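Naming convention: chains lettered A, B, ... in sequence-line order (proteins, then strands); numbering from 1 in each chain. Just so it is clear, the values below take in all heavy atoms, side chains as well, and ignore hydrogens, waters and symmetry mates. A quick note: this is a predicted structure, and the numbers were derived from the prediction, not measured.
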Amino acid sequence: MAKDKRLQGPSVLTANEIMTGAIVYWTGDDWSTDIAKAERAGPDGRAALEEIARSEEDGNRVVGAYLMALDPATNLPVLLRERHRLAGPSIALPSAA
Amino acid sequence: MYHYDGYDQAFVAARAAEFRDQVNRRLAGQLTEDEFKPLRLKNGLYLQLHAYMLRIAIPYGTLSADQMRTLGELADRYDRGYGHFTTRQNLQFNWTQLKDVPDMLDILAEAGMHAIQTSGNCIRNVTTDAYAGVAGDELIDPRPTCELLRQWSSLHPEFAFLPRKFKIAVIGAAEDRAAMKFHDIGLTAYPGVDGGRPSYDVWVGGGQGRTPRVAQLFEAGVPFERLLPTLDSMLRVYNLHGRRDNKYKARIKILVAELGLEEYRAEVKADMEGRDLSVFDVAGAEYDRIAAHFDIADVPAEADVRLEAEGDFAAWLDQNVTAHKLPGYAAVTVSFKAPGAIPGDATGEDMRTLAALAERYSRAELRVTHRQNVVLPFVRKADLKALFAALVEAGLATANIGLTSDIIACPGLDYCALATARSIPIAQALSAQISAIEADARAKGEDPSGPTINISGCINACGHHHAANIGILGLNKAEKESYQITLGGRADENAAVGEILGPGFAAEEVPAVIARIIATWREHRTANESFVATYERVGKAVFKTAIYEEPLHVAA
Ligand code: SF4
């Protein structure tokens, strides 16, 4: 894993809120839909966040919790999929037309 | 169309109540996500890229005006005011909240609908020709068979945990308008010998995804009384031998390829011979009961009408109106592919408009097509002009059914958790560009038709890209979207898998590439030759040279 370039920068813990399905980020003591409030962990802090992911899932507050790697230069997620997950649909929603 | 009897109604109501209890237990912390996930998937509830997504079954794409209105209400009340018609003739809501799902399922059950088996490794919603029961060239209405298969496959205890999902399509005409040969099992129904019940040609092993395959003929001329025994044994042999160690090799197409069609057939035959088939004896009477629901003998006769048409109305008659079985009637397809629109997306208001128009003009019945449009199947020719005016008013009168701008696109990376690239913005850019060219051709009195374009946001191929004349597959190349083009695919009775043209393109390059492909076809086509006919005649190399030889000059 350590060879994975993605995991050399900061990471945040993200999941979906169980009741609404909303994308949420771990702030250090709770979940927020705002990534700006997310707690960032360096390579050393990841184990602790993974521990939180497990306990929050076990407590049935969120589903699909995992660590998302950020690019330190842009502050955006490293992966294309996660950049879209963060940004929401890139298109105008039909109901807004 | 089919209406639930007391048994069906009690069945879906009980199922909704069961899921309400499961959701309550999940929210109370009595079920973990690992325990709950298979239960929610059995009820069509996915966790997608941004939210939960609820996929509602529209059995064989047929629904009533009341059901369409119910979907519109759900869109406005529980979603963000819209839904998406899929290539499986279903509808999905993208912004569902788990807490609302039990109420949504109750409302659906009330309207004779459900979300059962729209996900998971089971037999999925059976699909068919969107013009079933009304098409002028039809041999027999395939929908009574579809409904029989819905009842046979719903909660079939032996087939609840198949190696992988299982898709069945049934058609009842020589022209295949349902991509039947791209299904795990495909059936062609035609009038049989015994009292009007059909006989069938049974096809097996078709599919798209990572390993696209055109189905092979398993058996021709299967009489009605052997249909369910045959399908049951086909599924049993698959269930026994289908691979469970590798999900990419788990579909029946791989089993049939590995065993060989002969061996597979022999195993199915042996299985049938060893069983007590008397459980299937009820199927005949049930078929007759179902078929009575689809009987159109009571549709009042209409005198045939010759329509005077020009301008937009003439274009719409040309493109969106299909020949009907009954004199004086037509089937109208409402396009959800306006220039720059999201293929298959309809607002709650659109759905209510369709419901009202179906009540007024189409015996309160509608169909969802696998090309993501909606059909009004019973329009009196004398009403076409008034219907057209109402559709213009509602912004639903785009005249492009079957044209190139009638693009299929899956949700892609704008919604889908499995996507590798976006589909929708590509479809929007192409439809805007191509609609303008089609309008121009029409204005010059030329034929606006051209190749079909289908777009998928990953190799799972929900957007049927393999089956398109021009297929577009969105991939992820080093965290950048890249689009692979295939040519020569077709979804009709001469089904074929498209061939990969060459290296992929950036999103910005796709419109220029497609324009070049169409220009190359126009340059080489003989009079009135279709895209695939030209492609099959001149071969891939001609297109390859045209696309890759000169730079595209597209600003990134
Ligand atoms: S083809 Fe891929 S991206 Fe598109 S809907 Fe299917 S799984 Fe999602």
Asker: Under 3.5 Å, side chain of A:Arg83 to main-chain N/O of B:Glu479, donor-acceptor pair present?
Answerer: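 Side chain of A:Arg83 to backbone of B:Glu479, a donor-acceptor pair under 3.5 Å: yes, one is there.
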
Asker: Could you check whether any side-chain heavy atom of B:Leu98 comes within less than 4.5 Å of a side-chain heavy atom of A:Met19, counting everything from C-beta outward?
Answerer: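 Side chain of B:Leu98 against side chain of A:Met19, heavy atoms only: no contact under 4.5 Å found.
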
Asker: In terms of heavy-atom proximity below 4.5 Å to chain A, should B:Leu49 be classed as side chain, backbone, both, or neither?
Answerer: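 Looking at B:Leu49, backbone and side chain both touch chain A.
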
Asker: Does some side-chain heavy atom of A:Ile18 sit less than 4.5 Å from a side-chain heavy atom of B:Arg26?
Answerer: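 Side-chain contact under 4.5 Å: yes.
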
Asker: How far apart are the closest heavy atoms of B:Thr347 and A:Pro94, and which atoms are they?
Answerer: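 The answer is CG2-O, 3.9 Å.
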
Asker: Would you name the heavy atoms of A:His84 and B:Glu481 that are closest together and state the gap between them?
Answerer: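 In terms of heavy atoms, the two residues are closest at NE2-OE2, 4.2 Å.
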
Asker: Among B:Leu47, B:Val101, B:Thr32, which residue has the highest count of heavy-atom pairs closer than 4.5 Å to chain A?
Answerer: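 Greatest number of close heavy-atom pairs with chain A: B:Leu47.
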
Asker: Would you mind telling me which of B:Ala75, B:Ala417, B:Ala421, B:Ala419 has the largest number of heavy-atom pairs within less than 4.5 Å of chain A?
Answerer: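 Top count of heavy-atom pairs under 4.5 Å with chain A: B:Ala417.
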
Asker: Is A:Glu57 close to chain B through its backbone or its side chain, or both, or neither, when contacts mean heavy atoms under 4.5 Å?
Answerer: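 No part of A:Glu57 comes within 4.5 Å of chain B.
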
Asker: Does A:Arg81 use its side chain to pair, donor to acceptor, with the backbone of B:Thr420 at less than 3.5 Å?
Answerer: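 No; zero donor-acceptor contacts below 3.5 Å.
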
Asker: Given A:Val63 and B:Tyr52, is the side-chain contact (heavy atoms from CB on, under 4.5 Å) satisfied, shown in steps?
Answerer: CA-CA 11 Å; A:Val63 294; B:Tyr52 292 106; 4.2 Å; yes

Asker: If you compare all heavy atoms of A:Ile91 against all heavy atoms of B:Tyr415, which two are closest, and at what distance to 0.1 Å?
Answerer: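 Looking at all heavy atoms of both residues, the shortest contact is CD1-CE1, 4.2 Å.
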
Asker: Tell me the closest heavy-atom pair linking B:Lys480 and A:Leu80, and the distance in Å.
Answerer: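 Smallest heavy-atom distance, with atoms named: C-CD2, 4.2 Å.
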
Asker: Which heavy-atom pair separates B:His50 from A:Gly88 by the least distance, and what is that distance?
Answerer: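 Closest pair (atom of B:His50, atom of A:Gly88, distance): CE1-CA, 3.4 Å.
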
